[in-house]
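Nothing here was measured: the structure is a model prediction, and the numbers come from that model.
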Amino acid sequence: MITTLQIKNVGIIEDLCIDFQKGLNVLTGETGAGKTLIIDSLMILSGGRFSKDMIRKGESNSYIEACFYEPNNESAIDGNIIVSREANINGKNICKINGRMVTVNELKEFMANLIEIHGQNDNQKILNPKNHLKYLDGFIGKEIEKYLVDYKEKYSKYIEIKKELKLNYGNDKERERKLDLLRYQLKEIESANLKEQEEQELEERRKVILNSEKIVENLKEADINIGNTCIDALSMAIKSLEKIEGINEKYENISSNLKNIYYEMQEIARDISSEEQDIYFDEEEREFVEQRLDLIYSLKRKYGNTISEILNYKQEVEKEINDIENSEEIINNLNKRLQKITQEMEQLAQKISIIRKEKAKVLSEKINNELIDLEMKNAKISVKVEYKENEFLKTGKDEVTFFIKTNIGEDEKELIKIASGGEMSRTMLAIKKVLADSDKTSVLVFDEIDTGISGNAANSVAQKLQAISNKHQVLCISHLPNIAAYADSNFYISKIVNENRTNTNIKMLNEEEIIREIARISSGEVNDVTIKYATELRNRKAS
């Protein structure tokens with residue numbers, strides 16, 4: 001449900017904040033006070049079109065924000081969802097869901113699950129034939145649910161098998177073309193004879209080869225300096241210390257340590273000399289290293305980021321070659337599975353279709369009974385189920401469409417082609433009344449619901465709105481006292497002029513004010529007679 005709606009700079013609305021309540025919320029008030037602007041704002045917030053002409057004169061942007069309380073919605077934070085849309089005069093839109101920026105299309109898709117607006121707009125979910133099957137299945141409920149669950153499981157397997165047949169084992173030419181490619185790839189990888197650590201070893205050898213001149217030069221210099229300077233100097237120092245070793249133990253220790261260093265220096269000198277000899281290489285080795293690395297880089301570009309990945313890819317290619325070479329057997333097995341699951345799905349789809357066709361008649365009859373109460377005695381809804389012989393769909397083989405005939409002698413037409421705003425709203429009300437228990441949309445908005453009706457029809461509309469409001473939050477703009485009398489919460493819309501600017505104002509009415517407002521809209525005057533009539537209407541709600 002919507003807990004709070006804030007509208008800024010939309011038409012004559014400067015800054016309006018409405019705290020809607022549970023149940024049936026009815027908005028009444030002066031002509032031209034801004035009631036329609038509230039509906040327009042909800043449509044804009046639901047991703048509808050926005051015209052910069054709607055921005056309040058002298059302002060650069062409009063801003064609309066609503067807080068929804070939806071404790072079962074996965075997008076809710078502590079049960080709340082805050083949705084906003086800012087529309088600027090330069091055409092830029094800023095849409096947010098719980099502070100996260102989204103596109104207008106994302107906003108529209110998200111809001112379609114929260115709010116549905118019935119009026120002159122033709123973008124309502126229930127008008128879209130794509131949603132009709134879902135509404136019918138929701139009306140049927142558990143009777144069809146077990147078959148649908150079974151069918152959907154089989155449909156997923158059916159799609160997997162079809163995909164496997166198409167992607168991996170097509171016609172003979174396709175198989176041969178794929179085999180040629182895979183065999184070429186396998187031969188290219190196998191002929192390279194790659195080893196896991198080879199690239200690292202080659203890179204290290206390449207680095208030595210590229211720096212060999214520098215390495216040899218510095219090894220020679222180190223060899224000369226150690227042999228001519230360090231070792232000779234250490235030898236002379238040791239001889240000097242040996243002469244005083246017997247005088248004191250500490251001299252003997254120093255001499256011993258120095259001898260160890262001398263031996264280590266001799267070992268280092270041999271290592272340097274050995275390294276100097278090993279640096280030798282020829283041009284043929286350099287060329288081999290470069291070519292080998294080029295080959296590895298080339299294979300990495302094609303088959304993986306590392307040698308390990310390339311070798312893994314080789315195993316996958318080998319498996320795929322084996323699968324394709326044995327594809328005839330695999331195809332036969334897949335086709336057998338496909339034939340079996342197709343038969344099972346056909347049987348389920350037929351059962352589902354029989355149930356749908358039976359319940360479509362019941363749904364049509366229930367809606368038509370509601371239409372009679374709404375002074376649309378000549379209107380007939382027909383929920384049609386068409387079985388698609390040659391096509392499996394996600395939910396069976398049926399396409400469901402709501403048709404309507406509004407007058408005797410006319411042809412049936414799709415529900416979306418209803419021309420009159422009043423007819424549309426009342427038809428939607430009749431459908432929503434029947435589908436109230438199965439419809440998951442939490443907020444329903446009705447505009448022009450009372451166009452062209454009075455008397456018993458007005459009472460019927462009011463009662464149906466109240467019945468729907470037991471399962472949904474309902475917002476309704478009305479000029480009828482009957483509807484206002486059945487409201488759980490009444491709001492009065494007025495306009496005030498301040499400093500030569502018109503502005504919309506809204507007030508939630510207390511019980512005394514509700515009676516006076518019902519009296520006003522019943523005859524245009526508030527007197528003892530209209531007050532008595534308003535009180536009687538109000539008492540019907542309680543009874």
Side-chain angles (χ1 to χ4, degrees), residues 2-45 53-59 62-67 117 119-120 421 425 443 445-451 458 461-462 465 469 473-531 533-535 537-538 541:
I2 300 175
T3 55
T4 304
L5 174 67
Q6 184 171 26
I7 307 169
K8 290 185 178 181
N9 301 328
V10 177
I12 62 171
I13 297 176
E14 181 180 15
D15 190 353
L16 197 66
C17 188
I18 312 172
D19 294 325
F20 288 116
Q21 308 297 309
K22 290 182 179 180
L24 176 57
N25 295 257
V26 175
L27 288 72
T28 59
E30 305 170 12
T31 301
K35 297 188 295 295
T36 301
L37 288 175
I38 294 172
I39 302 298
D40 290 343
S41 297
L42 285 170
M43 290 175 63
I44 293 167
L45 191 63
D53 296 333
M54 296 180 69
I55 297 177
R56 183 174 170 83
K57 184 179 178 182
E59 302 295 338
S62 293
Y63 181 79
I64 306 159
E65 179 183 284
C67 181
I117 302 172
Q120 292 179 329
S425 290
V443 182
V445 181
F446 291 92
D447 189 20
E448 293 196 359
I449 193 72
D450 51 14
T451 301
V461 168
L465 286 170
S469 72
Q473 183 189 48
V474 177
L475 313 181
C476 178
I477 289 179
S478 180
H479 305 90
L480 286 179
N482 312 63
I483 294 176
Y486 272 84
D488 296 302
S489 302
N490 294 71
F491 297 85
Y492 179 71
I493 316 294
S494 61
K495 56 184 178 181
I496 56 176
V497 178
N498 186 22
E499 297 181 357
N500 296 321
R501 293 298 304 273
T502 303
N503 189 29
T504 297
N505 187 52
I506 189 166
K507 180 183 180 183
M508 185 174 176
L509 305 179
N510 59 34
E511 189 61 31
E512 181 181 346
E513 292 167 333
I514 292 171
I515 296 296
R516 294 183 66 83
E517 176 60 6
I518 295 170
R520 183 191 70 80
I521 61 178
S522 66
S523 68
E525 297 180 5
V526 178
N527 52 45
D528 291 344
V529 175
T530 57
I531 288 289
Y533 174 67
T535 303
L537 286 179
R538 189 66 171 163
K541 174 181 181 294

query = Any salt bridge between E517 and R520, counting N to O under 4.0 Å?
reply = yes
ask   = Would you call K507-E513 a salt bridge at under 4.0 Å N-O?
value = yes
Distance from [X] atom [atom1] to [Y] atom [atom2], nearest 0.5 Å?
X    : Y    : atom1 : atom2 : result
L465 : N482 : CG    : CG    : 11.0 Å
T36  : L27  : OG1   : CG    : 10.5 Å
I514 : S489 : CD1   : OG    : 7.5 Å
I496 : N505 : CD1   : CG    : 5.0 Å
N503 : L16  : CG    : CG    : 8.0 Å
Y486 : L480 : OH    : CG    : 13.0 Å

ask   = For R516, does the CZ atom sit with more than 12 other heavy atoms under 6.0 Å from it, leaving out its own atoms?
value = no
message = Check this for me: D528, atom CG, are more than 12 non-hydrogen atoms of other residues, nucleotides or ligands nearer than 6.0 Å?
response = no
Any side-chain heavy-atom pair of [X] and [Y] under 4.5 Å:
X    : Y    : value
C476 : I483 : yes
V10  : I64  : yes
D447 : I117 : no
V445 : I39  : yes
T504 : I7   : no
L475 : L42  : yes

Could you pull out the closest heavy-atom pair between [X] and [Y], with the gap in Å?
X    : Y    : result
P481 : L537 : CB-CD1, 3.7 Å
T502 : R56  : O-NH1, 3.0 Å
I55  : E59  : CG2-O, 3.5 Å
V26  : S478 : CG1-CB, 4.2 Å
S469 : G23  : CB-C, 3.5 Å
F20  : I2   : CB-O, 3.5 Å

task = May I have the step-by-step check of side chain to side chain contact (heavy atoms under 4.5 Å, CB included) for Q473 and N25, ending in yes or no?
result = CA-CA 8 Å; Q473 183 189 48; N25 295 257; 3.9 Å; yes
ask   = E511 and R538: salt bridge (Lys or Arg N to Asp or Glu O under 4.0 Å), yes or no, with the steps?
value = CA-CA 10 Å; E511 189 61 31; R538 189 66 171 163; 2.9 Å; yes
Are any side-chain N or O atoms of [X] and backbone N or O atoms of [Y], one a donor and one an acceptor, separated by less than 3.5 Å?
X    : Y    : answer
S522 : T530 : no
D15  : K8   : no
K57  : I12  : no

